[in-house]
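These notes concern the structure reproduced below.
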Amino acid sequence: MPTVPQSEVTPLKLDELTITDLQDGMNSGRFTARSLVESYLRRIDEIDRSGPCLNSVIELNPDALAIADTLDLERQAKRVRGPLHGVSVLLKDNLDTADRMMTTAGSRALVGSRPPIDSFVARRLREAGAVILGKTNMSEWAYIRSRKATSGWSGRGGLTRNPYALDRNPCGSSSGSGVAVSANLCGAAIGTETDGSIVCPASTNGIVGIKPTVGLISRSGIIPISHTQDSAGPMCRTVSDAAIVLGALTGIDPDDDATSDSPIPSVFQYTQYLDRDGLKGARIGVVRHYFAYPASPLMEAALEVMRGQGAVLVDPAAIETIGKFDRSERTLLLYELKADLNAYLARLGPDAPVHTLREVIEFNLRNASTELRYFGQDLLLEADAKGSLTSPEYLAALANNHAMARMQGIDAAMDKWRLDALVAPVTGPAWVTDLVTGDHIIGGGSQLAAVAGYPSVNVPAGFIFGLPVGISFFGRAWSEPTLLRLAFAFEQASNVRKTPRFLPSADLSE
């Protein structure tokens, strides 16, 4: 096969710099928060809005430079808030920011919506000294509009492209966050996940993504799908960076009851668990149910890295309940989408563009030539037809999900084999984007942890024809310290992350 020519993209001096590198640069005077914002804005203009046209950033913060100037003055006065001080961060377009940016979940139905208060995540980032650089594109309504949807497409933002091969899909729904981090358009980004929406784009874009235990990070001010499964989480180029961002976002929030169960205090230092020898003696269960070609050989190589670092692999760690919560997960998500989205829209107040799920559906019908151009809204219609959260059907689905994914799933497997974590691929290499027939996803390794509400950490594991594939470490509730220790040790031993080359299509000669 002939070699695919690389797009002409000039390397950026900030390429692959870690949060620690950025802090060192600002402390030495080599960078300022303002110069970082200016560099990222130029880079977004050069390769996101032109050149390869990644289309990952849906809106830029008009106040970013002014915020950076304030943070630079604080640094000059020796008032550095922490490791995120002056670092440019992008937020997925379903996280509320009380500023001049909109929050729309990618839908034209919410264009003009400017929430009155910050989401908990945005507030935490501002308190930590981060510069909120802008919002990222996403799969519209976080990929719960239609069974035939295309990841990375939204009516407001259009189609986001994978930076490793532009005709390939970035996965979703945190598509723009994954692409922007991978392409070095920011220091870090925030995504959200209900099932796969952080770890899948992390895998296909060659970065680290953390889907935390539900309740570790408050969901207040995030356009929801499911209060049972939703969580925000960091998307970064390294495990260390992801640990830094995760620690800044923790804390109890009276506006999110799930956080009351968290054993983790506010602004927690997860970096203390990062250990290059962290795999030594660790007992890791291999969930082969999720292994599929063409990723399987890459996964075998990843397992060998773990063995080489002293891990004890329980292979296979068969979880008999996999597949027994597929239907009940969908049922739960539809019920909670209706209840939770209606509650979110009601809090926006009378001036909001839409006030209910029904009004979103009606907006889409009135604007079918744009909103429904590529796929329909069958899932929104099914959700709107559901009853209340006291319905026996909903309560049965919730009970089944927790029994099958938690007690008889992850918890049972870890008890049986005395495991520290489980591992599996989230998906295979990125598929060619197809707006006609929708996604062609291989795998589903995010589901078990997602339905349980338990944490998972995706780490790059290698490449197939130049397309990145990750491996996910997941386990019990609140086990982020253990998972980060294992993921960091694997990352340091394998060291496979490569900067994207912005090829027009995958190079099959590799």
Can Ser182 and Asn205 be counted as having a side-chain donor-acceptor contact under 3.5 angstrom?
no
Contacts of Arg288 meeting side chain to side chain contact (heavy atoms under 4.5 Å, CB included) (sequence neighbours excluded), chain-then-number -> Val286, Phe291, Glu300, Leu303, Asp315, Pro316
Is any NZ, NE, NH1 or NH2 atom of the basic residue among Glu193 and Lys92 found under 4.0 Å from an Asp or Glu carboxylate oxygen of the other?
no
Can you check whether Ala450's main-chain N or O pairs, donor with acceptor, with Asp195's side chain at less than 3.5 Å?
no
Going by an N to O cut-off under 4.0 Å, is there a salt bridge joining Glu371 and Arg145?
yes
Can you pull the disulfide (SG to SG under 2.5 Å) pairs that have at least one residue in residues 183-228, sequence neighbours excluded?
Cys171-Cys200
Which residues satisfy the salt bridge (charged side-chain N to carboxylate O under 4.0 Å, His left out) test with Glu393, sequence neighbours excluded?
Lys386
Checking Ser391 against Tyr335: is there a side-chain donor and acceptor pair closer than 3.5 Å?
yes
Polar side-chain atom of Lys148 near backbone of Val436 as donor-acceptor pair, under 3.5 Å:
no
Can you spot which of Leu333, Leu332, Asn401 makes a side chain to side chain contact (heavy atoms under 4.5 Å, CB included) with Thr228?
Leu332
Side chain to side chain contact (heavy atoms under 4.5 Å, CB included) partners of Asp326, counting only residues at least two apart
Gln447
Using the ring pair (Phe, Tyr, Trp, His ring centres under 6.0 Å) rule, collect all pairs that involve residues 340-385, keeping only residues at least two apart or in two chains.
Trp153-Tyr374, Trp153-Phe375
Using a 6.0 Å cut-off, check whether atom CZ of Arg49 has over 12 heavy atoms from anything other than its own residue.
yes
Classify the side-chain pair Arg327/Asn400 by whether it contains a donor and acceptor separated by less than 3.5 Å.
no
How would you list, by chain and number, every residue that makes a side chain to side chain contact (heavy atoms under 4.5 Å, CB included) with Pro294, sequence neighbours excluded?
Pro429, Ile442, Ile464
Does Ile117 CD1 have over 12 foreign heavy atoms under 6.0 Å away?
no
